[in-house]
Enquirer: 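Below you'll find the structure I mean.
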Amino acid sequence: MEIWRLPISASQRGKLISAGYTSLSSLSSISSSDLARELKVSETEAMDILKVALHSRGAQTSNASCSIVEGAQSAWDMLHDEESLMHITTSSADLDSILGGGIHCKEVTEIGGVPGIGKTQLGIQIAVNVQIPHDFGGLGGKAIYIDTEGSFMVERAFQIAEACIEDMSEYNRFLRKDFQECKINMKPEDILENIFYFRICSYTEQIALINYLDKFISEHKDVKLVVVDSVTFHFRQDFDDMALRTRVLTGMALKLMNLAKKFSLAVVLLNQATIKHTEGSFQLALALGDSWSHTCTNRIVLYWNGNERYAYIDKSPSLRSASAAYSVTVRGIRNSSSSCKRIKMM
Amino acid sequence: MANKLISEIPLPKSIANVFAARNISTAKEALSLTEFELMELLDVGLTEVRSALSQISEIVAPPYQTALSLMEQRFQKEHLGGHFPTGLKGLDAALCGGIPFGVLTELVGPAGIGKTQLCLKLSLLASLPTNYGGLDGRVIYIDVESKFSSRRLLEIGLRSFPEIFQMKAMAQEMAGRILVLRPTSLSEFTQSLEQIKVSLLQNQVKMLVIDSMAALVSGEHEQGIRRQQTLSWHISFIKSLAEFSRIPVVVTNQVRSHNHDDASRYSFQVQSRDVTMEIPMRYDSHLIAALGIHWAHAVTTRLVLEAKSGQRFIKVAKSPISPPLAFPFHITSSGISLLSDYGMELMGPEINAIHCQGHNEIINFGMEGLQ
């Protein structure tokens with residue numbers, strides 16, 4: 001049950017949503033004094049809101065699971081959370097369909113591929129798409145773009161933002177079924193303003209920034225996406241001690257997962273390809289080693305197949321292994337234009 | 001920022017003392033350890049470690065900028081929004097103005113195709129005043145294979161900009177802005193790079209050309225891991241140099257022939273269950289760019305120069321802003337010029353292929369054409 005169905009006043013609902021509480025589970029483990037402080041309401045009011053929330057969830061079930069293990073949530077309750085999971089579209093319907101709607105919030109997704117396949121393009125597209133307003137089925141959130149290699153080009157982001165707004169106007173016009181100029185009040189500059197850009201020059205800065213993100217996102221609660229482009233670059237050199245590198249990377253991955261869960265946002269990590277020597281032959285694999293490949297929740301590999309770009313779901317707890325074609329156009333990531341599009345299920 | 005001293009960060013005295021006592025003096029050292037390692041090392045509780053780490057992180061983390069302010073800043077302060085026009089109109093249009101500042105642009109192609117010619121032309125252009133389309137500054141040209149020819153440079157200048165180069169004083173001024181370095185070994189190159197980084201801004205250096213990167217590395221080490229590691233440091237250094245000085249950096253690369261253990265023939269190692277994953281990546285050409293996949297990731301823009309059926313092409317193989325276009329070009333006495341400003345769009349990985357067909361005829365033909 002979402003907040004908007006609760007029998008509370010509209011202003012209370014508004015305060016809850018703007019403070020970042022969009023689901024009932026987020027209210028289950030907070031005390032009334034904390035809630036009062038966050039919402040800037042009186043304690044009695046906060047207690048009332050909590051009572052209503054608890055009542056709506058079915059006090060018995062929530063009490064039962066909480067009493068067995070502190071902080072546990074039953075699988076049934078989690079099912080509701082999973083179903084109401086938000087996605088960020090990639091602007092390619094084929095890609096969205098194999099992803100189950102788009103890039104999942106509350107999860108860490110790793111996307112990797114050979115140079116020139118479109119990783120940064122996908123990163124910029126998602127950073128624009130997370131800002132699509134609720135009316136158009138988007139999250140209406142802001143994005144954090146962490147650039148470790150200098151591959152972010154503002155002109156390209158502007159192009160993609162422009163195309164996204166045009167698509168929204170087109171959709172608007174189609175919905176309304178009249179041919180009037182349906183103006184959307186968004187300009188590409190507005191979209192660019194909602195992308196927080198950080199430039200990282202060393203792995204120390206990368207670690208520091210990821211530590212700092214907790215505080216930053218608490219101050220900017222409408223951030224719904226963190227893109228790290230690329231997570232690999234600074235870790236491929238200057239590390240003589242591989243064990244240290246593994247520990248640092250794992251620590252970083254855990255922090256990112258915590259961020260994703262805590263603030264219900266999507267984390268997208270872009271990775272590079274490297275050559276690996278396995279069983280006597282050379283193969284391409286994603287960089288950072290085997291232990292890193294365990295840390296991310298979802299893993300998507302981008303590759304060339306003939307003349308087309310394909311994305312393959314390499315690892316996901318909830319999605320089937322499948323591949324889909326996509327293309328990089330002047331408007332951003334779109335469906336592949338070939339007539340026989342293939343979504344191969346494995 | 002990474003080497004910030006712990007003593008300069010406002011931490012509570014007790015924890016600052018413990019850090020000092022355990023010889024952790026820089027932020028880098030503190031952040032490289034996990035929370036538990038720090039707890040053990042400093043013998044303090046988790047909450048204290050966490051709060052110390054969050055304070056250190058907040059200081060070391062770089063400030064943010066919205067993408068909008070980034071764009072405004074670039075368009076206000078930099079020449080053409082951070083692009084250096086090459087004078088090849090079709091290419092400049094595709095690249096949204098020209099070679100981007102602050103990142104690496106690679107020119108790769110077989111021997112004799114025109115990479116050095118293009119480098120000479122770009123160096124010349126960069127030294128010109130802004131009303132002629134230049135950057136009005138110095139150029140550092142690192143010439144590893146001793147291919148730099150000042151005579152050729154001045155010839156290009158004379159043919160392309162006669163009004164400047166006919167006057168001897170002006171020609172001297174322009175040519176005087178191009179500083180040529182000839183390192184004979186990788187270590188010399190490394191030293192020069194470090195010197196360059198220091199003196200870049202104060203000496204009005206507006207462009208760096210390295211011709212060629214591959215030659216530096218190939219002379220030194222064996223293939224494989226050791227070369228990867230040496231190269232890693234240089235890649236990182238040159239990138240950071242480009243980044244902080246916001247100048248265009250052009251690097252040339254060689255090609256080598258295909259052999260059995262080559263990246264282009266590899267397939268991705270994916271967690272295939274019962275089905276073997278067939279992801280073939282085949283390139284028809286016999287040549288691939290040298291320096292490996294790590295280098296290929298590090299360059300932002302890759303321009304491939306190749307010869308196909310007796311015609312030379314310059315292709316935008318990797319670019320965050322341009323579609324995969326190929327432009328036919330030829331080399332004349334005034335440098336490189338495009339035969340058509342409308343590029344052919346190439347599909348698929350074909351854009352990355354490097355052809356060398358009919359090249360020998362071009363070399364012999366070209367020599368006459370240059371007279």
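Note that these values count all heavy atoms, side chains included, but never hydrogens, waters or copies made by symmetry. Note on naming: letters A, B, ... go to the chains in the order of the sequence lines (proteins, then strands), and numbering restarts at 1 for each one.
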Enquirer: What I want to check is whether the side chains of B:Ser240 and B:Lys197 have a donor and an acceptor closer together than 3.5 Å.
Expert: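 There is such a pair (donor and acceptor under 3.5 Å, judged by atom type) between the side chains of B:Ser240 and B:Lys197.
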Enquirer: Of the listed residues (A:Glu193, A:Arg156, A:Gln159), which shares the most heavy-atom pairs with chain B below a 4.5 Å separation?
Expert: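 Going by pairs under 4.5 Å, I would pick A:Glu193.
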Enquirer: Which region of A:Gln121, side chain (C-beta onward) or backbone (N, CA, C, O), has a non-hydrogen atom less than 4.5 Å from a non-hydrogen atom of chain B, or is it both or neither?
Expert: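 For A:Gln121, the contact with chain B is made by the side chain alone.
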Enquirer: Side chain, backbone, both or neither: which part of A:Lys142 has a non-hydrogen atom closer than 4.5 Å to chain B?
Expert: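 Nothing of A:Lys142, per the 4.5 Å heavy-atom cut-off to chain B.
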Enquirer: Relative to the ring of A:Phe152, is the ring of A:Tyr145 parallel (under 30°), tilted (30 to 60°) or perpendicular (over 60°)?
Expert: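 Tilted, since the angle between the ring planes falls between 30° and 60°.
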Enquirer: Which answer fits B:Ser32, side chain, backbone, both or neither, if we ask what part of it has an atom under 4.5 Å from a heavy atom of chain A?
Expert: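 Contact with chain A: backbone and side chain both.
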Enquirer: Can you tell which part of A:Arg199 gets under 4.5 Å to a heavy atom of chain B, answering side chain, backbone, both or neither?
Expert: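 Both backbone and side chain.
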Enquirer: In terms of side-chain heavy atoms, does A:Glu308 have a donor or acceptor partner in A:Ser336 at a distance below 3.5 Å?
Expert: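 A donor-acceptor contact under 3.5 Å links the two side chains.
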Enquirer: Would you please classify the geometry between the A:Phe235 ring and the A:Tyr203 ring as parallel, tilted or perpendicular, with 30° and 60° separating the classes?
Expert: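 Ring orientation, 0 to 90° scale: tilted.
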Enquirer: Let me know if B:Pro324 has heavy atoms under 4.5 Å from chain A in its side chain, its backbone, both or neither.
Expert: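 Neither part.
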Enquirer: Is it the backbone or the side chain of A:Thr120 that comes under 4.5 Å from a heavy atom of chain B, or both, or neither?
Expert: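 When you check distances to chain B, no heavy atom of A:Thr120 falls under 4.5 Å.
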Enquirer: For the backbone of A:Cys296 and the side chain of A:Lys315, can you confirm whether one donor and one acceptor N or O come within less than 3.5 Å of each other?
Expert: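 Present.
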